[in-house]
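Order of the sequence lines fixes the chain letters, A, B, ..., with proteins taken first and strands second; residue numbering starts at 1 for each chain. Just so it is clear, the values below take in all heavy atoms, side chains as well, and ignore hydrogens, waters and symmetry mates.
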Number of protein chains: 2
Amino acid sequence: MTGSRNGVLELAVLGSLHENPLHGYELRKRLNTLLGMFRAFSYGSLYPCLKGLLTDGLIVEEEPPDDVVLGRRSKIVYKLTAEGKERLQELLTQAGPSSWEDESFGIHFAFFRHTEAEVRLRILEGRRSRLEERMENVRTALARTRERLDSYTLELQRHGLESVEREVRWLNELINTERAQADKSQSERDKRPDSDE
Amino acid sequence: MTGSRNGVLELAVLGSLHENPLHGYELRKRLNTLLGMFRAFSYGSLYPCLKGLLTDGLIVEEEPPDDVVLGRRSKIVYKLTAEGKERLQELLTQAGPSSWEDESFGIHFAFFRHTEAEVRLRILEGRRSRLEERMENVRTALARTRERLDSYTLELQRHGLESVEREVRWLNELINTERAQADKSQSERDKRPDSDE
DNA sequence: GAGCGATGTATCGAGCTGATACATCTGAAG
DNA sequence: CTTCAGATGTATCAGCTCGATACATCGCTC
């Protein structure tokens, strides 16, 4: 482990490259599409990250097919190595503050398809507590504030709180769905312990 | 103008100090309460900003009342100078990208009480176009994506888009309210051009 | 055959975050 | 009365990220 990279970015890159090899420009567009309204990565962080992953042997430059060998070297396509896949699995297994903070939750969620059900649940619940904790802080800070706030400030607070409450409800739905699925597949296993399909 | 400070932070600090003098710690808490769920400033940006404002003469350290003179020097209370107030007015008059981006919109909104009606409208409309533009980008990027996305990614997109749509509706309401008030006070002025009460 | 916008790699200065250090004040527990 | 914990308070730093910028190539049109 040479470089101590940004975690979030590392997951984003490894996760994207796992689906199929990409070059920098493409990678950036894809990530920013994937994350939609949540986040945008810049080259200033992407390229250093790729460089670090290269030196750590988690990714390699892909050889172009033989017939294009003629000195052309414009795109640099990266793909995962075995170590890279291992590292990705490791990252996908972690559920901790670094997976439910604002900047990172979106990435982790976007790769839920590759994440174990139990880890998914812990991340969703962690995110929910994080938001609830934040609301609690705001509410008590607000209550301690002596001076009345003007109507614009109040409206801003109200809107902010409402947005977060909505996200919590969204998380609740997701958590319920996850639990239902877990129960279902559990009882499937109970009913017919060794048949599949 | 010695330092080219961060604009947003500058507005935040000058605006807060305009309401009443504060010291660093208090200033930070107040700002983070004010902005609720939107933003949090750190000391690493606050103190350098205060330093810059000091050297530019926009704020000064307030003298403690005489009876506490005895060498005690723990708190450093800052207050606006005349130049600082002028600069604040200037910042409050500007409506531009720097007032409707994610990081800055909240601050500008929080000080709308001190902002002219016309500027308020332009900022709200600018914010709205910004969000609509972003949604447009995401939608076309999504349409261009060949490969179908898995259900988690889709759900993330859906949630993100919905959140932004909600914010646009919120902005619409605010804009309507502002317009109605502007019309009302306009017709007041028309009806009785020189009476006040 | 030249002009142009999209594609593509890469770097840099400015500025922010999160951590950390350190001092003081207050109140509660022993 | 002392001591200890936690809030208050000022301040800095390494590491990282953003936004701008530079520069080259590709494919397209006029």
Original post:
For dT17(D), does either OP1 or OP2 sit under 4.0 Å from a side-chain N or O belonging to S45(A)?
Top reply: no
**OP:** Take the protein atom CG of N6(B) and the nucleotide atom C1' of dC16(C), then report the distance between them rounded to whole Å.
**Re:** 9 Å
Subject >> Pairing residues for T153(B) by the side chain to side chain donor-acceptor pair (under 3.5 Å) criterion, not counting sequence neighbours >> reply: D150(B)
**OP:** Calculate the interatomic distance between I107(A) atom CD1 and dT17(D) atom C1'; express it in whole Å.
**Re:** 14 Å
Original post:
Do the ring planes of W170(B) and H159(A) sit parallel (below 30°), tilted (30 to 60°) or perpendicular (above 60°)?
Top reply: parallel
Subject >> Contact list for residues 10-21 of chain A, test salt bridge (Lys or Arg N to Asp or Glu O under 4.0 Å), sequence neighbours left out >> reply: R5(A)-E10(A), E10(A)-R87(A), E19(A)-R113(A)
Original post:
To the nearest angstrom, how far is E103(A) atom CD from dT17(D) atom P?
Top reply: 11 Å
**OP:** Please identify each residue that fulfils ring-ring contact (aromatic ring centres under 6.0 Å, His included) with H23(A), with sequence neighbours left out.
**Re:** none
Subject >> For atom CG of D102(B) and atom C1' of dC18(D), their distance in whole Å >> reply: 14 Å
Shorter than 3.5 Å, N or O on both sides, protein versus nucleotides 9-11 of chain C: list them out with atom names.
unit_1  : atom_1 : unit_2 : atom_2 : d
dT9(C)  : OP1    : I76(A) : N      : 3.2
dT9(C)  : OP2    : G24(A) : N      : 3.2
dT9(C)  : OP2    : Y25(A) : N      : 2.7
dT9(C)  : OP2    : Y47(A) : OH     : 3.1
dT9(C)  : O5'    : Y47(A) : OH     : 3.4
dT11(C) : OP2    : K51(A) : NZ     : 3.1

Subject >> All pairs passing salt bridge (Lys or Arg N to Asp or Glu O under 4.0 Å) where residues 32-41 of chain A contributes a residue, at least two apart >> reply: none
Which atom pairs, donor and acceptor, lie under 3.5 Å between side-chain atoms of residues 29-38 of chain A and protein residues at least two apart or in another chain?
unit_1 : atom_1 : unit_2  : atom_2 : d
R30(A) : NH2    : E147(B) : OE1    : 3.0
R30(A) : NH2    : E147(B) : OE2    : 3.1
N32(A) : OD1    : F41(A)  : N      : 3.0
T33(A) : OG1    : K29(A)  : O      : 2.9

Original post:
Does E173(A) have any side chain to side chain contact (heavy atoms under 4.5 Å, CB included) partners at least two apart in sequence or in another chain, and if so, which?
Top reply: none
Original post:
Contacts to DNA chain D from residues 28-41 of chain A, heavy-atom cutoff under 4.0 Å, which residues?
Top reply: R39(A), A40(A)
Original post:
Rounded to the nearest Å, what distance is computed from the CG atom of residue L46(B) to the P atom of nucleotide dT12(D)?
Top reply: 14 Å
Subject >> Partner set under side chain to side chain contact (heavy atoms under 4.5 Å, CB included) for R122(A), not counting sequence neighbours >> reply: A95(A), E118(A), V119(A)
Original post:
Once you round it to whole Å, what is the distance between C1' of dG15(C) and CD of E10(B)?
Top reply: 14 Å
